[in-house]
Q: 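Sharing a structure here in structure tokens format.
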Amino acid sequence: MNEEFVTRAIEKDRYLKAIKLVDQFETELERELVRLGDEFVAANRSLFPDGVEADWNKGTFGKTLAFGRVDLEMDRVKSESDPQGLTLNLSTRWLEPDDYGHPDHEGALCVASYKIKNATADDHQAVVDATRDRDWNVEPAADVYNNSPGIFYIPIESAADLTAAYETLQDHFSEFATMYGVPAAKAN
């Protein structure tokens with residue numbers, strides 16, 4: 001046991017204050033992502049079933065150092081022959097900068113992102129290509145969770161950056177979301 005470290009954690013309730021700070025941050029992040037999800041749905045009403053609600057989760061996994069995310073079930077499926085439902089995933093992630101092409105970034109890379117879970121690789125690649133053709137300020141990357149072919153993200157450093165990034169991501173989603181799958185009504 002590192003006695004100095006443990007003593008400092010106990011002194012002046014430092015550990016307790018850190019836990020409360022984490023809880024407050026996660027609560028605020030959840031509230032913001034749910035609000036943003038509602039905006040994505042309102043701006044793209046035809047892509048979502050009536051009454052869709054955000055499903056919140058947080059944690060860590062592999063190359064994603066930490067994340068907070070909401071999932072929103074879409075009214076779209078993978079293809080006419082594959083009725084697997086698509087899901088919009090909005091997340092704030094902390095990543096290793098070198099793994100995402102940002103070697104000069106100091107510390108973890110925090111990003112606002114979205115992906116379409118269960119989408120086909122071909123559909124995702126078409127959106128990546130269209131994104132590059134139209135010079136969006138949105139970067140594509142692989143999805144480390146392997147439940148989608150990739151993500152679109154924007155690095156952020158502040159609450160103002162987070163808001164601006166999700167505005168851009170919402171515009172991007174609105175522009176390209178119909179390139180993923182087909183309406184659920186068309187599936188067999």
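Since the model is a prediction, treat every value here as computed from it, not as a measurement. If you read the sequence from its start, that first residue is 1, and numbering goes on from there.
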Q: Checking Asn57 against Asp55 for the side chain to side chain contact (heavy atoms under 4.5 Å, CB included) test, could you report, in this order, the C-alpha distance in whole Å, the side-chain angles of both residues, the deciding distance, and whether it holds?
A: CA-CA 7 Å; Asn57 194 9; Asp55 178 27; 6.0 Å; no
Q: Determine whether Asp123 and Thr120 satisfy the following criterion, side-chain hydrogen bond (donor to acceptor under 3.5 Å, both in side chains), listing intermediate values before the conclusion.
A: CA-CA 5 Å; Asp123 288 352; Thr120 68; 3.3 Å; yes
Q: Is Arg76 reaching over with its side chain to a backbone N or O of Gly85, donor-acceptor style, under 3.5 angstrom?
A: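 No, the answer is negative, given that no donor and acceptor are paired below the 3.5 Å cut-off.
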Q: How about Tyr153 and His172: are their ring centres within less than 6.0 Å of each other?
A: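 Not under 6.0 Å, so no.
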Q: I'd like to check Phe176 versus Arg134 (side-chain heavy atoms, cut-off strictly below 4.5 Å). Are they in contact?
A: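 Of all side-chain heavy-atom pairs linking Arg134 with Phe176, at least one is under 4.5 Å.
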Q: Mind checking whether Ile10 and Met1 sit in one hydrophobic cluster, side chains of I, L, V, M, F, W, Y counted as touching below 4.5 Å?
A: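 As far as the 4.5 Å side-chain criterion goes, Met1 and Ile10 are connected within one cluster.
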Q: With no hydrogens and no angle check, is any side-chain donor or acceptor of Lys17 less than 3.5 Å from a backbone partner on Lys12?
A: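 Checking the backbone N and O of Lys12 against the side chain of Lys17, a donor-acceptor pair under 3.5 Å is found.
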Q: Mark yes when over 12 heavy atoms from residues, nucleotides or ligands other than Arg8 sit less than 6.0 Å from its CZ; otherwise mark no.
A: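 No.
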Q: Between Lys58 and Glu30 (salt bridge meaning N to carboxylate O under 4.0 Å), is one present in this structure?
A: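 Answer for the salt bridge query: no.
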Q: Could you check whether any side-chain N or O of Asp13 sits under 3.5 Å from a backbone N or O of Leu16, counting only pairs where one atom can act as donor and the other as acceptor?
A: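 Pair absent, no side-chain N/O of Asp13 close to backbone of Leu16.
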Q: At what distance, to the nearest 0.5 angstrom, does SG of Cys110 lie from CG of Leu162?
A: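 Cys110 atom SG to Leu162 atom CG measures 7.5 Å (nearest 0.5 Å).
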Q: Closest approach of Leu88 and Phe40, non-hydrogen atoms and distance?
A: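 Taking Leu88 first and Phe40 second, the nearest heavy atoms are CD2-CD2, 3.7 Å.
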Q: Quick one: does Asp82's side chain get under 4.5 Å of Val77's, heavy atoms only?
A: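 Counting from C-beta outward, Asp82 and Val77 never come under 4.5 Å.
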Q: Over 60° means perpendicular and under 30° means parallel, so tell me whether His124 and Phe152 are parallel, tilted or perpendicular.
A: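 Geometry flag for Phe152 against His124: tilted rings.
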Q: In terms of ring plane angle, is the pair Tyr114 and Phe173 parallel, tilted or perpendicular, where the classes change at 30° and 60°?
A: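 Answer is perpendicular, since the angle exceeds 60°.
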Q: Between the main-chain N or O of Arg93 and the side-chain N or O of Ser91, is there a donor-acceptor pair closer than 3.5 Å?
A: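 Not at all, since once roles are kept as given, no pair shorter than 3.5 Å links the two residues.
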Q: Could you state the interatomic distance from CG (Leu36) to CG (Leu169), rounded to the nearest 0.5 Å?
A: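 Those atoms lie 9.5 Å apart.
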Q: Measure the spacing between CZ of Arg35 and CZ of Arg31 and express it to the nearest 0.5 Å.
A: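 Atom-to-atom, Arg35:CZ and Arg31:CZ are 11.5 Å apart.
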Q: Counting C-beta onward and ignoring hydrogens, is there a side-chain heavy-atom pair between Tyr100 and His105 closer than 4.5 Å?
A: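 SC-SC contact between Tyr100 and His105 ruled out.
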Q: Is there a side-chain contact between Val127 and Tyr180 in this structure, where contact means two heavy atoms from C-beta onward sitting under 4.5 Å apart?
A: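 Yes, close enough: below the 4.5 Å cut-off.
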Q: Looking only at non-hydrogen atoms, find the nearest pair between Gly51 and Arg45 and report the distance.
A: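 For Gly51 and Arg45, the tightest heavy-atom pair comes out as N-NH2, 4.5 Å.
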Q: Show the nearest heavy-atom pair for residues Ala165 and Ile156, with the distance to one decimal.
A: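 Taking Ala165 first and Ile156 second, the nearest heavy atoms are CB-CG2, 3.7 Å.
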Q: With side chain to side chain contact (heavy atoms under 4.5 Å, CB included) as the test, pick out the partner of Ile116 among Thr87, Leu86, Asn147.
A: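 In the set Thr87, Leu86, Asn147, the residue that makes a side chain to side chain contact (heavy atoms under 4.5 Å, CB included) with Ile116 is Leu86.
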Q: Is the shortest distance from a Lys or Arg side-chain nitrogen in Asp143 or Lys117 to a carboxylate oxygen in the other one below 4.0 Å?
A: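 Looking at Asp143 and Lys117, the cut-off is not met.
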Q: Taking all non-hydrogen atoms of both residues into account, name the closest pair between Thr168 and Trp136 and its distance.
A: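 Where Thr168 meets Trp136 most closely, the heavy atoms are O-CZ3, 3.9 Å.
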Q: Roughly how far apart are Asn137 CG and Ile154 CD1, rounded to 0.5 Å?
A: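 Result: 5.5 Å between the selected atoms.
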Q: Counting only heavy atoms not in Asp135, do more than 12 fall under 6.0 Å of its CG?
A: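 No, because the 6.0 Å sphere around CG of Asp135 holds 12 heavy atoms or fewer from other groups.
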Q: OH of Tyr166 to CG of Leu33: how many Å apart, nearest 0.5 Å?
A: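 Result: 5.0 Å between the selected atoms.
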Q: What do the steps show when you test Glu3 against Val6 for side chain to side chain contact (heavy atoms under 4.5 Å, CB included), and what is the final call?
A: CA-CA 5 Å; Glu3 289 182 15; Val6 171; 5.9 Å; no
Q: Go through the steps for Arg69 and Thr92 under the test side chain to side chain contact (heavy atoms under 4.5 Å, CB included), then give the verdict.
A: CA-CA 6 Å; Arg69 64 106 175 122; Thr92 301; over 6 Å; no
Q: Answer yes or no: does atom CD of Glu28 have more than 12 heavy-atom neighbours from other residues, nucleotides or ligands under 6.0 Å?
A: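 Yes - once you tally the heavy atoms of other residues, nucleotides and ligands closer than 6.0 Å, there are more than 12.
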Q: Cluster question for you: counting only ILVMFWY and a side-chain heavy-atom cut-off of under 4.5 Å, with indirect links fine, are Val182 and Leu72 together?
A: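 Shared cluster, no.
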Q: For a quick test of reading the model, state the closest non-hydrogen atom pair linking Pro49 to Glu73 and the distance between them.
A: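 Scanning both residues, the minimum pair turns out to be CD-O, 3.3 Å.
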Q: Between Pro97 and Gly107, what is the shortest heavy-atom contact and its length?
A: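 Taking every non-hydrogen atom into account, CG-O, 3.0 Å.
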Q: Quick check: are there more than 12 heavy atoms from other residues, nucleotides or ligands sitting under 6.0 Å from CD of Glu157?
A: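 Open.
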Q: Determine whether Phe25 and Val70 fall in the same hydrophobic cluster, where Ile, Leu, Val, Met, Phe, Trp and Tyr are linked whenever their side-chain heavy atoms lie under 4.5 Å apart.
A: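 Result: yes, single cluster for both.
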Q: Could you give me the CA-CA distance, side-chain angles and deciding distance for His102 and Glu139, then say whether side chain to side chain contact (heavy atoms under 4.5 Å, CB included) is met?
A: CA-CA 11 Å; His102 300 271; Glu139 299 182 48; 3.4 Å; yes
Q: Distance check, rounded to the nearest 0.5 Å: Phe5 atom CZ versus Arg14 atom CZ?
A: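 So the CZ of Phe5 and the CZ of Arg14 are separated by 11.0 Å.
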Q: Just wondering, more than 12 heavy atoms not from Glu11 lying within 6.0 Å of its CD?
A: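 Yes - once you tally the heavy atoms of other residues, nucleotides and ligands closer than 6.0 Å, there are more than 12.
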